[in-house]
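In what follows, chains are A, B, ... by sequence order, proteins preceding strands, each numbered from 1.
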Amino acid sequence: MLNLFHARHLLSRRGLHTLPARSLSTPDVYECNVRISALVRAGKAVAARQLFDEMPERDVVSWNTMIAAYWRASDCVESKRLFGLMPRRNVVSWNSMISGCIENGDIEEAFRYFQEMPERSIASWNAMISGLVKFDRVDEAERLFKVMPRRNVISYTALIDGLARNGDMRRARCLFDSLPMKNAVTWAVMISGYVENEMFDEARSLFSQMPEKNVVAITAIITGYCKEGKIENARKLFEGIKEKDPVSWNAMISGYANNEHGAEALRLYMQMLRSSMQPDHSTLLVVLTACSVLASLQCGKQIHATAVKMGLESDISLCNSFMTMYSKCGSISDSDLMFRNIQNPRLVSWNTIIAAFAQHGLYEKACAMLHDLVANGDRPDGITFLSILSACGHAGMVNESIFWFNVMVLEYQIPPRTEHFSCLVDIVSRAGQLEKACEVISAMPFQADGAVWSALLGACQVYLNVELAELAANKLVELNSQNSGAYVMLSNTYAASGKWRDVTKVRSLMKEQGVRKQPGYSWLEMGDKVHMFLRGDTSHPDIKRIHSQLDTVYLHMKTRHTINF
DNA sequence: CGAGAGCCAT
């Protein structure tokens with residue numbers, strides 16, 4: 001059992017030989033406080049409260065611990081009620097009100113406590129600064145930083161983080177370089193700031209100078225490699241981590257899932273479970289991405305079951321991921337069902353279900369959802385309209401796509417981004433209106449990107465417009481000389497127009513430039529088997545029946561009949 | 001008992 005002697009012993013082992021006698025509890029109270037604190041850390045707020053209520057006398061630490069328990073449980077009302085009932089408060093009591101409010105999304109309320117408190121510690125200022133940074137109010141954070149009476153390494157680190165989030169890496173670095181007492185957290189903030197701003201070389205250069213590399217910094221670098229598509233480098237770093245934690249596992253799994261390596265992502269997830277690492281909320285999110293990439297309904301359902309077991313089935317971000325997974329795995333009805341079970345859909349959930357209907361070509365349903373979203377009092381954003389546009393595309397509705405584009409820009413005053421333009425160009429040019437597609441491109445307020453030219457080039461191939469195909473292919477190669485799709489589509493356009501000499505020219509140019517085209521492949525899951533199809537590959541045992549079925553489908557598509565299998 | 005970092009849904 002812990003008593004005062006033990007407490008002193010523990011503290012002295014941590015190098016704190018002199019104890020502030022005033023803050024030390026009597027042995028009984030101290031012991032209860034320790035037990036309450038343990039219960040709170042284990043998430044057992046009810047048991048903690050019972051112990052708290054049974055205590056014959058309580059000190060300020062007992063109250064603070066109990067209040068923290070309610071903040072952890074997001075029970076703002078009870079936290080504030082207890083705070084009001086406290087007989088005495090210390091600076092820690094006030095500080096936990098500040099961080100509690102911030103944790104629960106109410107920065108204004110946090111600021112009220114900050115202003116009201118009789119005396120502030122460095123931690124009070126730091127809590128306020130990091131809170132403002134969390135809410136993207138970096139300018140205000142900086143103002144507080146400037147007027148605070150004393151600063152420590154945490155204050156600096158919080159502001160460096162803020163500047164980095166604002167994209168101001170130059171000033172972040174200045175502050176970092178001027179700081180003599182950097183610690184591992186400071187280094188990690190700076191490195192992940194570079195990664196966040198896609199300055200990967202700077203991130204790695206700083207990382208190489210970091211004296212003691214910890215798992216947080218390594219994970220940031222892994223994320224950087226994954227964003228660049230250098231998945232092998234990421235894997236090497238990951239394997240080298242001695243003490244892998246859930247976050248580093250999640251980063252690596254997500255790297256595979258987001259680089260089209262769904263199977264490897266799932267393998268890694270299984271390995272994580274085998275090494276008895278507990279998956280968390282984020283693990284499930286990234287594994288669901290892998291299921292979507294693989295279109296594996298089986299795996300997706302298993303993850304769904306795991307989420308239910310973990311008590312996370314109504315977690316909003318997981319629900320959104322389930323919706324995407326079910327939709328991408330072909331089950332729009334499950335996706336729809338998930339959406340209906342969300343009590344309070346926020347914009348992301350609306351956007352997700354609209355995207356799902358769009359993927360399935362259900363234009364009317366997508367629009368009905370947009371209508372419901374507005375009727376619900378929400379405001380659509382650029383992503384909502386991107387999904388609506390994509391619904392138009394899947395349904396081949398050119399005029400509607402232009403209509404919705406205008407609604408977005410004129411009625412909702414949402415500035416169109418390059419994705420909106422590439423979607424529009426894709427729709428218009430697929431319909432054969434190549435000139436109109438060019439008009440859209442020239443009306444863009446910024447440089448067209450690869451997706452725009454790709455869309456145009458794809459249509460040129462279909463509608464045999466050699467001249468425009470050459471233009472688009474040139475633009476694509478300008479943007480990325482290793483773009484094999486550009487060469488292939490241009491070559492196909494020449495071939496379809498009988499310009500064989502030009503075909504040969506493009507092919508030899510590809511060889512010269514060392515551009516290679518990975519063969520296309522697709523697969524689908526039936527029962528417990530995965531059927532894979534490589535381009536030009538006829539090794540599937542049922543290939544004859546598959547081809548004849550495909551011929552039927554093509555015929556129906558051409559005659560615009562509905563298909564009944 | 002309180003303040004700073006990495007992974008995370010459209």
Side-chain angles (χ1 to χ4, degrees), chain A residues 23 25 33-34 36-37 40-41 59-69 71 90-100 102 120-131 133-134 152-162 164 183-193 195-196 214-224 226 241 245-255 257-258 280-289 292 315-325 327 345-356 358 381-384 386-387 390:
Chain A
S23 72
S25 321
N33 287 347
V34 168
I36 292 177
S37 169
V40 171
R41 272 199 301 273
D59 65 6
V60 64
V61 177
S62 328
W63 285 89
N64 287 347
T65 313
M66 207 51 238
I67 289 172
W71 280 124
N90 62 11
V91 67
V92 177
S93 325
W94 288 90
N95 286 351
S96 46
M97 294 314 281
I98 294 175
S99 55
I102 290 167
R120 303 183 188 105
S121 61
I122 294 193
S124 327
W125 291 88
N126 288 348
M128 220 37 244
I129 289 172
S130 70
V133 165
K134 271 196 194 106
N152 61 13
V153 63
I154 297 180
S155 330
Y156 281 91
T157 305
L159 187 63
I160 290 173
D161 187 31
N183 61 18
V185 181
T186 324
W187 281 87
V189 163
M190 196 64 217
I191 290 169
S192 72
V195 171
E196 182 66 29
N214 61 10
V215 63
V216 177
I218 299 174
T219 305
I221 296 291
I222 288 177
T223 305
C226 292
I241 303 176
D245 65 2
V247 180
S248 49
W249 280 94
N250 296 347
M252 197 62 235
I253 295 172
S254 133
N258 290 316
D280 62 11
H281 153 105
S282 306
T283 314
L284 298 189
L285 285 177
V286 300
V287 176
L288 279 170
T289 308
S292 302
D315 178 280
I316 189 68
S317 52
L318 271 170
C319 283
N320 296 332
S321 266
F322 293 141
M323 284 158 62
T324 303
M325 181 274 293
S327 162
R346 309 287 299 143
L347 185 58
V348 179
S349 308
W350 288 105
N351 286 350
T352 308
I353 192 65
I354 292 173
D381 67 0
I383 297 175
T384 317
L386 196 58
S387 294
S390 135

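The side chain of A/Asn351 lies closest to B/dT10, out of B/dC1, B/dT10, B/dG6. For A/Val91, the side-chain atoms get nearest to B/dG2 when compared with the rest of B/dC1, B/dG2, B/dA9. Proximity note for A/Val216 (side chain, C-beta onward) versus B/dC7, B/dC1, B/dG6: the nearest is B/dG6. Listed candidates were B/dG6, B/dA3, B/dA5. Nearest to the side chain of A/Val215 is B/dG6. Here the side chain of A/Thr223 is nearest to one of B/dT10, B/dC7, B/dA3, namely B/dC7. In the set B/dA5, B/dA9, B/dA3, B/dA3 carries the atom at the smallest distance from any side-chain atom of A/Ile154. Residue A/Val185 places its side chain closer to B/dG4 than to any other of B/dG6, B/dG4, B/dC8. The A/Val247 side chain lies nearest to B/dG6 when the options are B/dG2, B/dG6, B/dG4. In this structure, the nucleotide among B/dT10, B/dG4, B/dA3 sitting nearest to the side chain of A/Ile122 is B/dA3. Each of B/dG6, B/dC8, B/dC7 was ranked by its minimum atom distance to the side chain of A/Ala251; first place goes to B/dC7.
We find that CE of A/Met128 is positioned 18 Å from P of B/dG2, with the value rounded to whole Å. Rounded to whole angstrom, the span from the CZ atom of A/Arg346 across to the C1' atom of B/dA9 amounts to 14 Å. Going from atom CG of A/Asn64 over to atom P of B/dG2 covers 9 Å, rounded to whole Å. A/Leu285 places its CG atom 12 Å from the C1' atom of B/dT10, with the value rounded to the nearest Å. If you measure from atom CG of A/Asn95 to atom P of B/dA3, you get 8 Å, rounded to the nearest angstrom. When rounded to the nearest whole Å, the span between CD1 of A/Ile221 and P of B/dA5 equals 18 Å. In this structure, A/Glu196 atom CD and B/dC8 atom P are separated by 9 Å, rounded to whole Å. Rounded to whole angstrom, the span from the CG atom of A/Leu159 across to the C1' atom of B/dG4 amounts to 11 Å.
Judged by distance alone with a 3.5 Å cut-off, no donor-acceptor contact links the side chain of A/Asn214 to the base of B/dG6. With hydrogens and angles left out, the side chain of A/Asp315 and the base of B/dA9 share no donor-acceptor pair within 3.5 Å. A donor-acceptor contact under 3.5 angstrom links the side-chain atoms of A/Ser121 to the base of B/dG2. A donor-acceptor contact under 3.5 Å is formed by the side chain of A/Thr219 with the base of B/dG6. The base of B/dG2 has none of its N or O atoms less than 3.5 Å from a complementary donor or acceptor on the side chain of A/Asn126.
Considering only side-chain N and O atoms, A/Ser130 lies under 4.0 angstrom from the phosphate OP1 or OP2 of B/dG4. Residue A/Ser317 places no side-chain N or O under 4.0 Å from the OP1 or OP2 atom of B/dC8. Within the 4.0 Å cut-off from OP1 or OP2 of B/dC1, at least one side-chain nitrogen or oxygen of A/Arg41 is found. The phosphate of B/dC1 has OP1 or OP2 within less than 4.0 Å of a side-chain N or O from A/Ser37.
Taking CH2 from A/Trp249 and OG1 from A/Thr283, the interatomic distance works out to 10.5 Å, rounded to the nearest 0.5 Å.
Remark: the A/Ser124 side chain and the A/Ser121 side chain contain an N/O donor-acceptor pair separated by less than 3.5 Å. Between the side chains of A/Asn152 and A/Asn126, at least one donor N or O lies within less than 3.5 Å of an accepting N or O. A donor-acceptor pair shorter than 3.5 Å cannot be found between the side chains of A/Ser317 and A/Asn320.
If you check every strand for non-hydrogen atoms under 4.0 Å, A/Thr352 touches sugar and phosphate atoms only. Residue-level contact check: A/Asp381 touches neither bases nor backbone, having no heavy atom under 4.0 Å from any strand. The residue A/Asp280 sits apart from the nucleic acid: no heavy atom pair falls under 4.0 Å.
Between the side chain of A/Thr219 and the main chain of A/Val215, a donor-acceptor pair closer than 3.5 Å is present.
Take A/Ala257 and apply the side-chain contact (heavy atoms from CB on, under 4.5 Å) test, not counting sequence neighbours, and it matches A/Ala265, A/Thr289, A/Ala290. Applying the side-chain contact (heavy atoms from CB on, under 4.5 Å) test to A/Ser387 and every residue at least two apart in sequence or in another chain returns A/Ile354, A/Ala355.
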